Peer 1: 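Structure below; questions to follow.
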Amino acid sequence: VGLRLGSDVQRAPSDADDVDLVVGQSPAAGASIERDGEVTITLGSGPEQVRVPNVVGQATAVATGNIEGAGFEVVVEQVDSSEPDGTVVSTSPAGGASAAQGSTVTIKVSNGDRVEMPVVTNRSVSEALSALRSAGWTGSASDLVQTREATLSPDLVGTVITQAQPPGSEISKTQTITIGVGVLGI
C-alpha cells in the first residue's frame, strides 16, 4: 500500500501476552496518510513494573487498600506470629521491590497465636505459670509438663531449674511447655 515502517520503534507497557507485539501505531488505523508515508509502531514491553508498598506493621484492611491502590491484587495468608492479631508481618514480594502492575502480592497476617517465652527459672511452679499467663500463654496447667531435676541445694527444691523453651523464643499460646523442677537428690 506504499507505506514505510519508521525506524524509531517505541516501547510501552502492555499485557504479558503482548510482549514484542504491536500495541500502537502512529498515525492511527483508518487515518489518512500520503503514499510512501511513514508509520511508527509501538511494541509491548510487558506489564509496567511498580514498587510494592511496605505495609509491614499495618492492619490488614489498611495494607490491602495500600497494595490495591498501587495496582496489585492481594492475597491474605494467616501465619503464627507474636504480632497482634490482624497485623501484617511480611509480604511477598517484599515492600520496596518492583513487581508487574496487576500481579498478586501476598500479605502474611498474624493470627496472634505466638507469644514470647518468659524466663521461668528460679521461680516456683505457680510463679512460672503466672509468668506464662502474663506473657499471653493460654495453655492449661496440664500443658505445663514438669520433669524432676536432681539438686543438692535445699533452696532449689520445688523451684524451676530448667526450661525447655528458651527465654525470648516464640511459642504458641497453647503449646506444651516443659520445665524441670528441683528435687533433692543426685
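Numbering of residues begins at 1 and proceeds along the displayed sequence. Just so we're clear, the structure is a prediction, and the values are computed from it rather than from any experiment.
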Peer 1: Does any donor atom in the side chain of S153 or T151 lie under 3.5 Å from an acceptor atom in the other side chain?
Peer 2: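 No.
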Peer 1: Answer yes if the side chains of S172 and D113 hold a donor-acceptor pair under 3.5 Å, and no otherwise.
Peer 2: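 There is such a pair (donor and acceptor under 3.5 Å, judged by atom type) between the side chains of S172 and D113.
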Peer 1: If you take all heavy atoms of R4 and D36, which pair is closest and at what distance?
Peer 2: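 Where R4 meets D36 most closely, the heavy atoms are NE-O, 3.2 Å.
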Peer 1: Taking the basic N atoms (NZ, or NE/NH1/NH2) and the acidic carboxylate oxygens, is any pair closer than 4.0 Å for R11 and D20?
Peer 2: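 Salt bridge present between R11 and D20.
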Peer 1: Out of the candidates V125, L129, L144, V160, only one should pair with V120 under the side chain to side chain contact (heavy atoms under 4.5 Å, CB included) rule; please name it.
Peer 2: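 Going through V125, L129, L144, V160 one by one, the side chain to side chain contact (heavy atoms under 4.5 Å, CB included) with V120 is satisfied by V160 alone.
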Peer 1: For V55 versus A63, what's the shortest heavy-atom pair and its separation?
Peer 2: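 Residues V55 and A63, closest heavy atoms: CB-CB, 3.6 Å.
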Peer 1: If you round to the nearest 0.5 Å, how far is CD1 of I107 from CD of Q78?
Peer 2: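 Reported to 0.5 Å precision, the distance equals 9.0 Å.
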Peer 1: For D85, check side chain to side chain donor-acceptor pair (under 3.5 Å) against everything at least two apart and list the hits.
Peer 2: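 With neighbours one apart ignored, the set is empty.
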Peer 1: Do T106 and E77 have side-chain atoms, one donor and one acceptor, less than 3.5 Å apart?
Peer 2: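 No, E77 and T106 have no side-chain donor paired with an acceptor closer than 3.5 Å.
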Peer 1: When you compare the side chains of Q58 and N66, does any donor N or O come within less than 3.5 Å of an acceptor on the partner?
Peer 2: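 Indeed, the side chains of Q58 and N66 share at least one donor-acceptor pair under 3.5 Å.
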Peer 1: Kindly compute the distance separating CD (E73) from CD (Q101), expressed to the nearest 0.5 Å.
Peer 2: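 Reported to 0.5 Å precision, the distance equals 10.5 Å.
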Peer 1: Does R133, at its CZ atom, have more than 12 non-hydrogen atoms belonging to other residues, nucleotides or ligands within less than 6.0 Å?
Peer 2: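 Enclosed.
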Peer 1: Could I get the full list of side chain to side chain contact (heavy atoms under 4.5 Å, CB included) partners for P47, not counting sequence neighbours?
Peer 2: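 A16, A100.
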